[in-house]
Every structure is written in structure tokens, then in C-alpha cells.
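Okay, so here's the structure we're looking at.
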Protein chains: 2
Amino acid sequence: MSYTHRYRLALDRILELVVVLNDDMTRSLASYGLTVSRTHLLWELRQRGPTTQKALADALQVSPRTVTGLIDGLVSSGFVTREPHPSDRRATHVSFTEWGVSIMVVLERSHAEFAQALFASMPDTDFDCFVVGLDQLLGRLREHVAASAEDA
Amino acid sequence: MSYTHRYRLALDRILELVVVLNDDMTRSLASYGLTVSRTHLLWELRQRGPTTQKALADALQVSPRTVTGLIDGLVSSGFVTREPHPSDRRATHVSFTEWGVSIMVVLERSHAEFAQALFASMPDTDFDCFVVGLDQLLGRLREHVAASAEDA
DNA sequence: TATTGTTATACTCTATAACTATA
DNA sequence: TATAGTTATAGAGTATAACAATA
């Protein structure tokens, strides 16, 4: 079998991985009352600490309007709060509730356990080599995205 | 650095791959007037040949109502047609238009070129080893999904 | 009675544009 | 004049439930 053909099969398997991984995350997060998009926002908030909606919109590369919707949902479900920004009265200060922090801790733990479940049974040499390939792949993909962005 | 830690980093990189790949596909398909979901449907239709909406709903693991919406879009944009089913008057026969087929040919070619761009620069031994890891990963992931499904 | 696909309704994510309050 | 966030509006994907036509 030619490498050209094997490249295509490998890409197909990666796309399958994307689908299965996405479904699994969606289902698993739903059990916490979360969606993938809202969890991305929580993740950013976790990295930065309390911040403005504008900063979150930039970080997630999404419109300010979209952040309004995501935060609306997260406030209703009790993960975060909106408070007046201490120094800029136009802006909103978004912070975790105690409940929100406790869920993030659970998610981080379950993330680590998931990684363990996926890789722990893999022989070390296979894992090392897989990571090398993965890094190369991400590099090529970024080049590809950059090249397509130039065309547009 | 512990393997436990390295597993987490590898998972993070895979999740990053998922995001970048999804964005790239979304952007690239948009230039053909397609979305990811509609393209999944076209892909299934390509594998099976003309078929019913029910069959497509089962294949995509999505509700019949969702297929109605996807086909509505694909009919408006001229990729497929709805015709009476030859033997079952309840059902709809979904087929490609000529235009739809011609776009599928272009997409298949661009898919193969994409695979080439991602992998061709990788040394053969790295590629082979990456594929081994990828297969193991998909296997573990499927086990994980099956196990979570049992809980629910 | 069961199946196919639709209408009705609702929720989420996404966007742009117009607007308010503030800087 | 520029910025932060909202309301208004719209399109896409998803779901369930009720219903029509047909099997």
C-alpha cells in the first residue's frame, strides 16, 4: 500500500477521533450542566482569574455578543457571577462562584484520569513516538492554516 | 517529568488539534457553501448512493428532524434533490445533483492533498509509529465511551 | 399499529448592526 | 471619539412531541 494512501487513512482516523472525542466531551460535560463552549470559557477564566467579558471574547476568538450568551448561561447555572468592574464602570467583572471553583477542580481531576485511561496502557516507546508524530502534525497543521489565511 | 504529567500534556495537545482542525474544516468548507454537518451527510450519501432520510438519520446518529433541516439546506444550495421513493410513498429519495457530485470530487481531491500536506514531510518511521499510537488511542477511547455508556 | 417525514417549539452557539453608558 | 456590553435580528445544528400520510 502506498504512503499516499496510508496518509489518507491516517487523516480519516484523526477525523474519526475528532468526532468521537467531541461526542464524549459533550456527553460528559452535560452531566455537570455544562457545554463545550461554556467549559472553554471557564477554562480561560481559570487561567486568568476574574476578568472582563471583552478579555474573554478576545481569548476565545469569539464576538462580545457570544460571550454575553455564554456568561448568561453560566450565571443561570451558578458557575460564575457578574459584578461591577472596580475601576471601569462600562465593564463587567466575571468571577467564579464557590460552586464553580469546586466543579473546575472535579473537571481537572477527571481530565487527568481521562489522559491516564487513554495512554497508561501504551508501551512507553509507543507513547514517546506518538507524541513526536503528534507534535509534527500540529506544526504542519498550523502551517497549513497560516497558508490558507494568506490566500483569503 | 512523570509520565502521568506527560499523558495530560499529550491529551491537551490532542484537544488543541481538535479545535484547530475543526476551525480549519469549517473555514475551508464554507468556501464551497458547506458546513461540517452538511458535509458529513454528503459523505454518507456518497458511500451509500441514493437513500432515504431515515437511513441518513441512523447513519449520522441524529434525529429525523435534524436530517430534514440538513437536507433543506443542501437542496437550497443545489447539492442534492428530494424525489419520491420508488416503492414507499412515505419515504423520500435523496440523490446528488450533478453539481453536488462535482463538488464531492473536488472535496475528495482536496482531502487527499491535505493528508499529503500533513504527513509527507514526516520521516516514514515517525509516521508508522504515529499511526500505531493513533490506533491504540482510538481503541482506548472507544472502550472509554462504551464504559461511560454503561453507567448511563 | 408501526414507520417516514413534517410542523411546532425550544435551546445552544455563532454573527452583525444599532444602541447605551462610560472613558 | 472609542470602548464595553446590551438588545435586536438572523442562521445553523440539535432535540422532543404531535401529527399526517402511508405501510
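Below, read A as the first sequence line, B as the second, and so on, with proteins coming before strands; counting in each chain starts at 1.
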[N], OP1 or OP2 - any side-chain N/O from [X] closer than 4.0 Å?
{"X": "A/Thr68", "N": "D/dG5", "answer": "no"}
{"X": "B/Thr35", "N": "D/dG13", "answer": "yes"}
{"X": "A/Ser63", "N": "C/dT14", "answer": "no"}
{"X": "A/Arg82", "N": "D/dT6", "answer": "yes"}

Once you round it to whole Å, what is the distance between [atom2] of [N] and [atom1] of [X]?
{"X": "A/Asn22", "N": "C/dC13", "atom1": "CG", "atom2": "C1'", "value": "13 Å"}
{"X": "A/Asp72", "N": "C/dC13", "atom1": "CG", "atom2": "P", "value": "11 Å"}
{"X": "A/Leu56", "N": "C/dC13", "atom1": "CG", "atom2": "C1'", "value": "16 Å"}
{"X": "B/Asp23", "N": "C/dA15", "atom1": "CG", "atom2": "P", "value": "10 Å"}
{"X": "A/Leu60", "N": "C/dT12", "atom1": "CG", "atom2": "P", "value": "17 Å"}
{"X": "A/Asp88", "N": "C/dT22", "atom1": "CG", "atom2": "P", "value": "10 Å"}
{"X": "A/Arg65", "N": "C/dT20", "atom1": "CZ", "atom2": "P", "value": "17 Å"}
{"X": "A/Gln61", "N": "C/dT14", "atom1": "CD", "atom2": "C1'", "value": "14 Å"}

What nucleotide, of [options], holds the atom closest to the side chain of [X]?
{"X": "B/Lys54", "options": "C/dC13, C/dG5, D/dG13", "answer": "C/dG5"}
{"X": "B/Thr92", "options": "C/dA8, C/dG5, D/dG13", "answer": "C/dG5"}
{"X": "B/Pro64", "options": "C/dT12, C/dT4, C/dT6", "answer": "C/dT6"}
{"X": "B/Val62", "options": "D/dA12, D/dT14, C/dT6", "answer": "D/dT14"}

For this session: Measure the acute angle between the ring planes of A/Phe119 and A/Phe130, then classify it against the limits of 30° and 60° as parallel, tilted or perpendicular.
Result: tilted
Exercise. Is the backbone of A/Ala117 close enough, under 3.5 Å, to the side chain of A/Ser121 for a donor and an acceptor to pair up by distance?
Worked result: no
Exercise. Hey, which of these two, A/Arg89 or A/Thr66, hits DNA chain C nearer its 5' end, going by closest nucleotide?
Worked result: A/Thr66
Exercise. So, do B/Thr35 and B/Thr39 sit near enough that their side-chain heavy atoms are less than 4.5 Å apart?
Worked result: no
Problem set entry | SB check B/Arg140 B/Glu143 (cutoff 4.0 Å) | yes
Exercise. Do A/Val20 and B/Val18 sit in the same hydrophobic cluster, where Ile, Leu, Val, Met, Phe, Trp and Tyr count as joined when their side-chain heavy atoms come under 4.5 Å apart?
Worked result: yes
For this session: Would you mind classifying the nucleic acid contact of A/Ser37 as base, sugar-phosphate or nothing, using non-hydrogen atoms under 4.0 angstrom?
Result: sugar-phosphate
Exercise. Base, sugar-phosphate, or nothing for B/Val67, non-hydrogen atoms under 4.0 angstrom?
Worked result: nothing
Exercise. Does a distance-only test, which skips hydrogens and angles, find a donor-acceptor pair under 3.5 Å between the side chain of A/Arg90 and the base of D/dT3?
Worked result: yes
